[in-house]
Amino acid sequence: MDRWTGELESSPLGRPLTCTVESDFPVAVVHVSGRLDLGGLPDLRAGVRDCLAAEPDVIVLDVAGLAVADDECLPDFAVLCCQTCVWPGSTLVFAGASAALVASVRRHGADLASYPSVAAARDGADPDAPRYRLREALPASPVAAPAARRLLGQVCRSWSVPELIEPAELVTTELVANAVRHGGGEVTLTVSLHHGCLQISVGDENPSLPRPRASTPADENGRGLLMVDALSEDWGMTCMRAGKVVWAKVAVRT
């Protein structure tokens, strides 16, 4: 079980906010307790994002022990929930949330399923759904991109989506090459298949986010993210506590 605990001096009445993550694929549980105020949101956001990096099928946000110290927190809390909801490959649900908290978050745009307990939320996940998922650590060296490309070809064939091989290999090569070139440290490749759409995520240990830039045909570099954008249904990036993840969704285009 992976654990992270953050203590916030700004918490009212001296009660710290604590966040503990249980990671047991395909379900991860984020237990949040204590008083949440504006000062605590950054640490809560970091804890949830770190959980997202592993891309579980379901993230259960256990807020049974959470007390919202200030209603001004709710819009930002809802934004965090919305950002988590759009993370490809993972579904966010509540456990132990009060009706008032669920209603408030939904009013701010995060329409999450809510369960009375963590056990009920776990039961709500489909245990019989096939798991199409690969997670591989790659060295931060020139061999990483060719290795990732081979892995993509293998999984696309074994998952019966050979039509995705060409765009998926190109996208993966760019994401891994960028992580090696600019990231530093270990590179983590995660690939999963959801409803015919291939989700490719590449993590590295550099929190600086890449910026797409304009390039000319004569440029040798700078066109990678533009190509990822052209080949993907959607793509994005986010900072984690110790690095970042850049992801892309590749599907058959009709």
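Position 1 is the first residue of the sequence, and the numbers go up from there. Worth knowing before you read on, the calculation uses all heavy atoms, side chains too, and leaves out hydrogens, waters and symmetry mates.
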With side chains defined as the heavy atoms from C-beta onward, is the minimum distance between V171 and M227 less than 4.5 Å?
->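 In short, these two side chains do not touch, never coming nearer than 4.5 Å.
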Answer whether the closest heavy-atom distance between the side chains of T91 and V93 falls below 4.5 Å.
->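 Counting from C-beta outward, T91 and V93 do come under 4.5 Å.
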If you compare all heavy atoms of [X] against all heavy atoms of [Y], which two are closest, and at what distance to 0.1 Å?
X    : Y    : value
C73  : L41  : O-CD1, 4.0 Å
S114 : V102 : OG-CG2, 3.6 Å
P56  : I59  : CG-CG1, 3.5 Å
V105 : A78  : O-CB, 4.1 Å
L138 : A144 : CD1-O, 3.9 Å
G185 : E205 : CA-OE1, 3.5 Å

When rounded to the nearest 0.5 angstrom, what distance separates [atom1] in [X] from [atom2] in [Y]?
X    : Y    : atom1 : atom2 : value
L61  : L66  : CG    : CG    : 8.0 Å
M240 : N206 : CE    : CG    : 13.5 Å
T190 : Q199 : OG1   : CD    : 8.5 Å
L164 : I200 : CG    : CD1   : 8.5 Å
E169 : E174 : CD    : CD    : 13.0 Å
L189 : L175 : CG    : CG    : 9.0 Å

Test item: [X] side-chain N/O and [Y] main-chain N/O as donor-acceptor pair under 3.5 Å:
X    : Y    : answer
D57  : V27  : no
K244 : D204 : no
R157 : G153 : yes
S232 : V228 : yes
R106 : L112 : yes
D62  : A64  : yes

Take L198 and V191 through the test side-chain contact (heavy atoms from CB on, under 4.5 Å) and record every step on the way to the result.
-> CA-CA 7 Å; L198 207 62; V191 186; 4.0 Å; yes
Decide, yes or no, whether a salt bridge links K249 with D234 under the criterion of side-chain N to carboxylate O below 4.0 Å.
->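 Here K249 does not pair with D234 in a salt bridge, since their nearest N and O are not under 4.0 Å apart.
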Take E22 and H31 through the test side chain to side chain donor-acceptor pair (under 3.5 Å) and record every step on the way to the result.
-> CA-CA 8 Å; E22 288 182 65; H31 301 281; 2.4 Å; yes
F94 vs F77 aromatic rings, parallel, tilted or perpendicular, using cut-offs 30° and 60°?
->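 If you compare the ring of F94 with that of F77, the planes turn out parallel.
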Are [X] and [Y] grouped together when hydrophobic residues (ILVMFWY) are joined by side-chain heavy atoms under 4.5 angstrom apart?
X    : Y    : answer
V250 : I165 : no
V202 : V143 : no
L44  : V79  : no

Could you list the residues that satisfy side chain to side chain donor-acceptor pair (under 3.5 Å) with R149, not counting sequence neighbours?
->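 Testing R149 for side chain to side chain donor-acceptor pair (under 3.5 Å), a comparison that skips the adjacent residues, returns T173.
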Passes side-chain contact (heavy atoms from CB on, under 4.5 Å), W247 versus M237? Steps please.
-> CA-CA 6 Å; W247 56 266; M237 61 191 83; 5.8 Å; no
Kindly determine whether S141 and V180 satisfy side-chain contact (heavy atoms from CB on, under 4.5 Å), including the steps that lead there.
-> CA-CA 6 Å; S141 73; V180 171; 5.5 Å; no
Are L52 and T84 close enough, and set up right, to give a side-chain contact (heavy atoms from CB on, under 4.5 Å), and what steps lead you there?
-> CA-CA 8 Å; L52 283 171; T84 306; 3.8 Å; yes
For E72, does the CD atom sit with more than 12 other heavy atoms under 6.0 Å from it, leaving out its own atoms?
->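 Open: at most 12 neighbouring heavy atoms sit under 6.0 Å from CD of E72.
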